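Note that the coordinates shown come from a computational prediction; the quantities given were computed from them, not determined experimentally.
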Number of protein chains: 2
Amino acid sequence: MDECMTGTRRSLLSEKKRQQLAGRLAAIDHRGLLGLHEVAGAGSVRGAAERLGISASALSRQVARMEEDLGIMLLERHGRGARVTEAGALLNDYFEEQRARLDGVVAQLQDITEARRGQISLGTGEGFLWHLMRGPLRGFAQAHPQLHMELSVGSTDQLVAQLLDDSIQMAVLYNLPPDPRLQSHAARRHPMRIVVAPGHPLHRLGRKITLQDLRQHRLGMLTGSHGVRQLLLSAEHGERVRLEPQLRSNSARALLRFAEEWGGVVITAAFAVAPEVLEKRLVALEAESGILEGAEAQLVTRRGRRLSPAAQQLLRHLAAHTPILRAS
Amino acid sequence: MDECMTGTRRSLLSEKKRQQLAGRLAAIDHRGLLGLHEVAGAGSVRGAAERLGISASALSRQVARMEEDLGIMLLERHGRGARVTEAGALLNDYFEEQRARLDGVVAQLQDITEARRGQISLGTGEGFLWHLMRGPLRGFAQAHPQLHMELSVGSTDQLVAQLLDDSIQMAVLYNLPPDPRLQSHAARRHPMRIVVAPGHPLHRLGRKITLQDLRQHRLGMLTGSHGVRQLLLSAEHGERVRLEPQLRSNSARALLRFAEEWGGVVITAAFAVAPEVLEKRLVALEAESGILEGAEAQLVTRRGRRLSPAAQQLLRHLAAHTPILRAS
DNA sequence: ATCCATCGTTGCGTCCGGTGCAACGCTTGC
DNA sequence: GCAAGCGTTGCACCGGACGCAACGATGGAT
């Protein structure tokens, strides 16, 4: 009924629509309405035709076709000129209203084209939040007040998943595992550091910290879905060390409080603790590990995705004006 | 180039509009928007094309042309299907809004077609007011609550002038002089009567009144622009009688008060004093005059004018349900 | 990792609809 | 009564939209 008869069914459907939709709705096209509008304004078919740059016969036929399709008279043919009937005036009002509305839509499209208006969704790791919010993101938002932004904060693989299903357009993340489906637009190496409170025993060592050193202290770690945790696992494997964290959390903020107030040790990038280091509430010690050295912060999108103009502009803006993403 | 100035001028105008109007506004035609809407709903070009009963290639081209004209991406080509971009969603919203609005307009057009809605303007002589308001006009208005009526009360030649310049669609009038530009849809002879208060000397005569009889009494007359007055002038001329009215007024109502309370004499049709005769405040006496016998009440329109459906229906209704217009 | 089903797109021949020109009927003003 | 407008119609023509077939590309299935 539905597959073997598609041809017939299509014909019937088309025939039905010819009389239902096309007969009433599609009969009202932009051209006919414009013609009617000009006739209403000019007061004559010929005058309106001259305004439109077409012949009077063409315009006459346009209106005649609309009348035929709608089954109602739109013009009072008046020997000397023509006036719109009540129905014609109704359609003319409709046209003018839609035209004004359309102007607004076109203006909004223009805004979208020039990235003055739009919806941008980006994701970021928790560690970038402070830098993004006070710096480039804030500047961009101030420069584009009509731009709506949605900021999704999550772990690396959460962000990757959101990138892949297009629920975010771009993401700033740390320690991204290689993925051909993603495209990097800016990257900078940020070695992982050992973060402790000032005066901590590791701080007093005065040298680079090895993974072995960490075994004697209380560790705090992100849960497994974060790129930081993944890289650390690789380092443990490479150096044959197994680290047992005292505190696991999906919140980097919680871990920093753990280091600051509980005297714990946290491994993360320096930029992620920039405010605390500035206020001298924490210190970031260098680590003695090749693997931890290679960690990168990246600005990525899904490869092959066509971004909106606003998103493209934000992408360029972030790549250019985010110090922690600029290659040194 | 091809036709001296006109051809070139048209080309330039067309070229200008190609970039101004057509480039932004006319690019958004009903067909393209419908296609975009279906793609947005179906999630794929092919599915939308199947719904529309056209080929996928045609639909693809429609959207591509809109994107070209607007200079902005409307679809996210997604390998597996297609989704609308923000700009596409904006246009789709616009389309759905206009479609809903259009449904309303079409419904209103339907109402106009079926005379459920509309604007009717009619004129009438003062003498018909009582009959029309209580009878056929009231019934018609109750049967069509959405119909707006404009009732113009005036003298015969005022109404004729309004008919000829189309400011009223039809008129009920008395003693219409023959006019080829007007068309009568219903007519009934209503001889003019001599109207006096009960007990008036003319009443006590107990016979038909001649124009000579009138010379001995105080007459009230309408001013010259009324058909009644014109006919009476003809009768005076035919019977070699000159009547000198005591009161002239353009208000028939004033003349009736003149007859009722001042003991005056007024010449008019019987229907024009129907309520007063019913209440026995006036009597209508027959006149002895061939000319006054031929007076007619008529329902007329301008010949050649195409009336609105509502007006046509009112015309038929008045012709059928107005006793003073039905040929006995 | 490979295959293939499906998607969107493009080249090309075809056809329909809109258009312009000229002529006609009609109304209006001189 | 005549001429100048108006709106409309017959006819030939042209351009744009369409369908068909084939082509890259993507994503899931094996």
Side-chain angles (χ1 to χ4, degrees), chain A residues 6-7 10-11 14 18 22 26-27 29-32 34-36 38-39 42-50 52-69 73-85 88 164-166 180-181 302-306, chain B residues 2-3 6-7 9-11 14 18 22 26-27 29-32 34-36 38-39 42-50 52-69 73-84 88 164-166 180-181 302-306:
Chain A
T6 44
R10 268 186 213 159
S11 294
S14 183
R18 261 282 175 70
D29 61 343
H30 190 270
R31 185 174 307 174
L34 178 61
L36 180 66
E38 288 298 332
V39 174
S44 71
V45 176
R46 280 191 137 85
E50 182 141 4
L52 291 170
I54 63 177
S55 69
S57 60
L59 184 51
S60 173
R61 264 188 271 261
Q62 285 178 8
V63 180
R65 191 174 63 83
M66 288 186 68
E67 288 176 331
E68 174 102 11
D69 292 339
M73 233 62 178
L74 299 178
L75 288 183
E76 282 184 9
R77 274 79 172 177
H78 198 265
R80 202 69 157 197
R83 281 207 305 270
V84 290
T85 65
L164 291 179
D165 69 3
D166 286 343
R181 298 170 300 181
R302 183 173 69 75
R303 186 179 300 275
R305 175 163 192 193
R306 189 108 177 90
Chain B
D2 38 6
E3 287 179 282
T6 49
R9 190 160 154 269
R10 272 184 205 163
S11 294
S14 184
R18 261 281 174 71
D29 61 342
H30 190 271
R31 186 174 306 175
L34 177 61
L36 180 66
E38 288 297 331
V39 173
S44 72
V45 176
R46 279 193 141 85
E50 183 144 2
L52 291 170
I54 62 177
S55 69
S57 61
L59 184 51
S60 173
R61 264 188 274 259
Q62 285 178 7
V63 180
R65 191 175 62 84
M66 288 187 69
E67 288 176 331
E68 175 100 13
D69 291 338
M73 232 64 178
L74 299 178
L75 289 183
E76 283 184 10
R77 274 77 172 182
H78 201 263
R80 204 68 159 200
R83 283 206 306 269
V84 290
L164 291 180
D165 69 4
D166 286 342
R181 298 170 298 181
R302 185 173 68 75
R303 187 178 300 275
R305 174 162 192 194
R306 190 105 177 92

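For B:Arg77, the side chain to side chain donor-acceptor pair (under 3.5 Å) criterion is met by B:Glu67, not counting sequence neighbours. Taking the side chain to side chain donor-acceptor pair (under 3.5 Å) definition, one finds that A:Ser57 meets it with A:Ser55, sequence neighbours left out. By the side chain to side chain donor-acceptor pair (under 3.5 Å) test, A:Arg83 is found to be paired with no residue, residues two or more places apart in sequence or in another chain being considered. Take B:Arg46 and apply the side chain to side chain donor-acceptor pair (under 3.5 Å) test, not counting sequence neighbours, and it matches no residue.
Between C:dT19 and A:Gln62, a contact under 4.0 Å exists linking OP1 or OP2 to a side-chain N or O. Residue B:Arg31 places at least one side-chain N or O closer than 4.0 Å to OP1 or OP2 of D:dC18. OP1 or OP2 of C:dT9 lies within a sub-4.0 Å distance of a side-chain N or O belonging to B:Ser60. Of the side-chain N and O atoms in A:Arg65, one or more sit less than 4.0 angstrom from OP1 or OP2 of C:dG18.
Within 6.0 Å of the CZ atom in A:Arg303, the count of heavy atoms belonging to other residues, nucleotides or ligands exceeds 12. The number of heavy-atom neighbours closer than 6.0 Å to CZ of B:Arg31, taken from other residues, nucleotides and ligands shown, is 12 or below.
B:Ala48 approaches B:Leu59 most closely through the heavy-atom pair CB-CD2, 3.5 Å. Residues B:His78 and A:Asp166 approach most closely at NE2-OD2, 3.2 Å, considering heavy atoms. Closest non-hydrogen pair, A:Gly47 versus A:Ala42, comes out as C-CB, 4.0 Å.
Checking B:Ala56 against A:Glu67, the closest nucleotide of DNA chain D that is more toward the 5' end is the one next to A:Glu67.
Residue contacts for B:Ala82: at a heavy-atom cut-off of 4.0 Å it reaches the sugar-phosphate backbone alone, with no base atom in range. Backbone-only contact: B:Ile54 has heavy atoms under 4.0 Å from sugar-phosphate atoms and none from a base.
Closest approach to the A:Arg77 side chain among C:dG8, D:dT8, D:dG5 is made by D:dT8 (side chain taken as heavy atoms from C-beta onward).
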Identify the pairs formed between an N or O of the protein and an N or O of nucleotides 20-22 of chain D at a distance under 3.5 Å, and give each distance.
{"from": "D:dC20", "atom 1": "N4", "to": "B:Ser57", "atom 2": "OG", "distance (Å)": "3.0"}

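Overall, the helix from C:dA1-D:dT30 to C:dC30-D:dG1 carries an axis bend of 30° between its ends, with five pairs at each end and the value rounded to 10°.
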